[in-house]
Amino acid sequence: PNPPNCAPISPHNPKGRHSTPDKRELLAHRMIPSSKLLVAMFAVAACLSLTTAKAPPSHPAPLDLDWSSMGFSLNDLRTPYMYLDVIDQDSAHPGTFDGAGGGSGRLGSGWASLENPPKARSLMTRHGPLALEPASTIINYGQGLFEGIKAFRRPNGSIVIFRPNKNAARMRKGCSRLLIPPIPDDTFVAACKEVVRYNAAYVPPSQLGALYLRPLVFGSGAKLGVAASNEFTFCIYCSPVGNYFKTSSNSTTPPPISLLVSNKYKRSCAGGAGGVKAVGNYAPVFLCQKETRDKGFNEALFVDAKEGKYIEEAGASNLFVFIPNKNGEGGTLATPPLDNGTILPGVTRDSILNLVRNEMPGVTVEERPVSLSDLGRASEAFCCGTGASVTPVGDVHVEEASGGDDKVYKLCAEGKRKAGPVTERIYEMLHEVIWGEGRLGKKYKDWIV
């Protein structure tokens, strides 16, 4: 997009953070950047850093970048704009802290109401560092949540976001779990739309990746005692990404991956916070992930903390297994249930459950405990998530405690390192909806924003 016409704003805000956007702008730019940019930052701070942004045109063509080489990372790029809002606890609606369900998503929670686009645009600011108190509850106690959402460029050049309302509902419920004022669903979705619109030139060409949105909400106020913050920040930044696992040449899906069952580490337990996308759920996985990859596997497969035999998640993804009927016709697609609160209710997971129930009459869908022994009867398995999309599993290894040979479950036909027919069809259906193609593109058009 063309550089916006920026109007400088005051670096002072005597009325408090929520009364004007000044503090929101300052929050994004107070922190000192890398030394290489320091001199330039000081030189342009008055006209660039402390500015509000004018919206660029919608749906511009993608920039001329090497899109095909991008992985699921920041790819050494920084998109120009992000969304930023800050409130204090006094401006939050008292009803937002009632119950675990997160309310209706329509509460006047103190977050900006975005019924009209100009209001959303006023909260857009240039991408930049956030300055936080050392005693902020996100740093000290992990009071924060994040989401992952993708915007895609369709073959006709239009840009769409896949089911952001589901992410809004999940974040709202997570807010109630962590005593953060929930963000109303319409505010969340409107903010996502503005972030995509401002950074539309960074949406990759059709089928070469996506613009990945990372909404964050966290306690940004200072608290020394173990207690919820009195100030909260809602931020959305974005980055163009490629596929989490690269697609193979002879298949539309990525090549099958290898999983190693984690007997040493557990991801979650009943009564914990495994069912919400809390920031603190992810760092404890880093060591397990490193050890797993050092052994030559792609991801860890986590099992339940109580008995150690029921599958929960594969890395940061949900898992499905397909068990064929004995007569060779149809079968059962099973995935672990959500009722223990140990598994994240994935948006891709929910989409697959709906598509298979409605569009694959020969397949029975079951949300039930899935044991490791079920893998012995399965002909296919796959991971799914916003990052992983639909990724087939080739084999699952279970290490023997005595140090003997691993028990190995093979989920691909010998010599055929590609997705099975059920996994392939699920991948195709999901992407037919995303690209707006065929019967499913029309039938599930309400999944697209």
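Within the 4.5 Å cutoff, no side-chain heavy atoms of Pro62 are placed close to those of Tyr202. Residues Arg153 and Leu208 are not in side-chain contact: their nearest non-hydrogen atoms beyond the backbone lie 4.5 Å or more apart. Counting only heavy atoms from C-beta outward, the side chains of Leu84 and Thr233 approach each other to under 4.5 Å. Between Pro134 and Ile139 the shortest side-chain heavy-atom distance does not fall below 4.5 Å. Put simply, the side chain of Val285 reaches to within 4.5 Å of the side chain of Phe302, judged on heavy atoms. Between Asn358 and Tyr444 the shortest side-chain heavy-atom distance falls below 4.5 Å.
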### Task
Would you please test Lys290 and Glu299 for salt bridge (charged side-chain N to carboxylate O under 4.0 Å, His left out) and show each step?
CA-CA 9 Å; Lys290 180 182 184 303; Glu299 280 290 0; over 6 Å; no

### Task
Using the salt bridge (charged side-chain N to carboxylate O under 4.0 Å, His left out) rule, take Arg170 and Glu147 through it: C-alpha gap first, then chi angles, then the decisive distance, then the call.
CA-CA 8 Å; Arg170 186 169 67 182; Glu147 281 294 333; 2.6 Å; yes

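In terms of modelled atom types and a separation under 3.5 Å, the side chain of Asn156 and the main chain of Ser158 share a donor-acceptor contact. In this structure, the side chain of Glu313 does not engage the main chain of Leu301 through any donor-acceptor pair within 3.5 Å. Under a 3.5 Å cut-off, the side chain of Thr332 and the backbone N or O of Ala334 do not form any donor-acceptor pair. A donor-acceptor pair is defined here as one N or O able to donate and one able to accept, closer than 3.5 Å; no such pair exists between the side chain of Asn167 and the backbone of Ile149. One N or O on the side chain of Thr79 and one on the backbone of Cys238 form a donor-acceptor pair closer than 3.5 Å. A distance-only check finds no donor-acceptor pair linking the side chain of Asn318 to the backbone of Gly385 [under 3.5 Å]. Looking only at distances, no side-chain donor or acceptor of Asn298 sits under 3.5 Å from a matching main-chain atom of Leu259.
Between Lys442 and Glu437 there is no salt bridge, since no side-chain nitrogen of the basic residue lies less than 4.0 Å from a carboxylate oxygen of the acidic one. Taking the charged nitrogens against the carboxylate oxygens, Arg267 and Glu312 have no contact shorter than 4.0 Å, which rules out a salt bridge. A salt bridge links Arg439 to Glu359: one of the charged nitrogens lies within less than 4.0 Å of a carboxylate oxygen. Salt bridge status for Glu424 with Lys418: absent, with no side-chain N to carboxylate O gap under 4.0 Å.
Using the six-membered ring where Trp is involved, Phe382 and Phe320 have ring planes that are parallel, under 30° apart on the 30 and 60° scheme. The aromatic rings of His127 and Tyr237 sit perpendicular, their planes meeting at an angle over 60°, well past the 30° parallel limit.
Taking the six-membered ring for Trp and the full ring otherwise, Phe72 and Tyr212 have centroids separated by under 6.0 Å. Taking the centre of each ring, Phe232 and Trp111 stay at or above the 6.0 Å mark.
Listed by chain and number, the residues in a side chain to side chain contact (heavy atoms under 4.5 Å, CB included) with Phe297 are Ser258, Leu260, Thr292, Lys295, His397, Asp406 (sequence neighbours excluded). Taking the side chain to side chain contact (heavy atoms under 4.5 Å, CB included) definition, one finds that Asp339 meets it with Pro337, sequence neighbours left out. Ala222 meets the side chain to side chain contact (heavy atoms under 4.5 Å, CB included) test with Glu133, Ala135; sequence neighbours excluded.
Sparse packing is recorded around CG of Asp64, with 12 or fewer heavy atoms of other residues, nucleotides or ligands lying under 6.0 Å away.
Heavy atoms only, all atoms of each residue included: Ser136 and Ser220 are closest at CB-O, 3.7 Å.
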